[in-house]
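A quick write-up on the structure given underneath.
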Amino acid sequence: MNTPFKHLTLVCSIVTAPLLVSCSHGGAPVLTVTSMEIAPGVGVGPIKFGMTLDEVKRALGEPDRTPGKPLQYLSLDLAVIPNHSDGKVGAIMMGDTGGGQLVERFKGATKEGIKMKSTRQEIVAAYG
């Protein structure tokens with residue numbers, strides 16, 4: 001695999017998302033994605049690599065689904081996947097692997113402007 005494409009895979013898997021947070025009637029956070037900033041190696045908005053899943057739930061609220069260990073937040077178009085070794089956040093996935101509708105919906109981007117469906121030329125220009 002070509003190095004710029006490795007960057008794109010990394011960028012699409014590691015995202016940072018500033019979120020608007022308000023309280024629901026029960027006091028749990030209700031999150032609405034307003035924009036996404038991808039920060040490779042850091043996390044997604046309040047989600048940081050190395051956090052416990054309980055910390056993620058405190059930050060994002062209860063997930064929409066939990067198929068096994070991953071936490072799926074369908075309204076945010078992301079899933080949080082724990083490490084096998086310690087159960088802490090090991091991966092954050094956005095969109096879908098087939099490049100379909102969820103990729104179209106996910107509006108995250110790095111501060112350099114790299115986002116889903118960025119071209120190789122854009123990635124090379126941003127990261128060298």
Side-chain angles (χ1 to χ4, degrees):
M1 182 182 285
N2 182 318
T3 301
F5 288 113
K6 286 181 184 177
H7 271 298
L8 179 59
T9 301
L10 180 65
V11 166
C12 291
S13 297
I14 305 170
V15 173
T16 305
L19 304 169
L20 288 178
V21 179
S22 62
C23 290
S24 71
H25 299 305
V30 176
L31 303 174
T32 305
V33 178
T34 58
S35 65
M36 299 278 187
E37 184 182 320
I38 299 171
V42 177
V44 175
I47 308 167
K48 306 296 183 222
F49 291 104
M51 289 175 76
T52 67
L53 296 186
D54 285 338
E55 290 171 324
V56 172
K57 289 177 185 178
R58 281 194 296 274
L60 298 179
E62 287 298 315
D64 298 304
R65 294 193 308 207
T66 52
K69 302 261 183 200
L71 306 178
Q72 291 184 350
Y73 291 91
L74 303 176
S75 62
L76 300 175
D77 298 322
L78 63 86
V80 178
I81 297 131
N83 286 321
H84 292 289
S85 60
D86 61 8
K88 294 182 178 181
V89 175
I92 303 163
M93 305 296 288
M94 292 74 54
D96 60 64
T97 58
Q101 184 181 31
L102 295 179
V103 169
E104 296 295 329
R105 286 185 3 192
F106 185 79
K107 301 300 180 196
T110 67
K111 64 183 177 181
E112 295 84 7
I114 301 304
K115 59 186 182 236
M116 297 286 190
K117 297 193 172 186
S118 287
T119 65
R120 180 180 188 281
Q121 184 178 0
E122 291 168 329
I123 295 166
V124 170
Y127 297 110

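Quick note: residue numbers are just sequence positions, from 1.
- For the side chain to side chain contact (heavy atoms under 4.5 Å, CB included) test, residues two or more places apart in sequence or in another chain that qualify with Leu71 are Leu53, Val56, Lys57, Pro63, Thr66, Tyr73, Val80.
- In this structure Ala126 satisfies the side chain to side chain contact (heavy atoms under 4.5 Å, CB included) test together with Glu112, Ile114, sequence neighbours excluded.
- Separating the CD1 atom in Ile81 from the CD atom in Gln72 is a distance of 8.5 Å, to the nearest 0.5 Å.
- The distance from atom CE of Met94 to atom CG of Leu78, rounded to the nearest 0.5 Å, is 7.0 Å.
- Residues that satisfy the side chain to side chain contact (heavy atoms under 4.5 Å, CB included) test with Lys69, not counting sequence neighbours, are Pro82.
- The minimum heavy-atom distance linking Pro46 with Ala59 is given by the pair CB-CB, 3.7 Å.
- Taken from OG1 in Thr52 to CZ in Arg58, the straight-line distance is 5.5 Å, to the nearest 0.5 Å.
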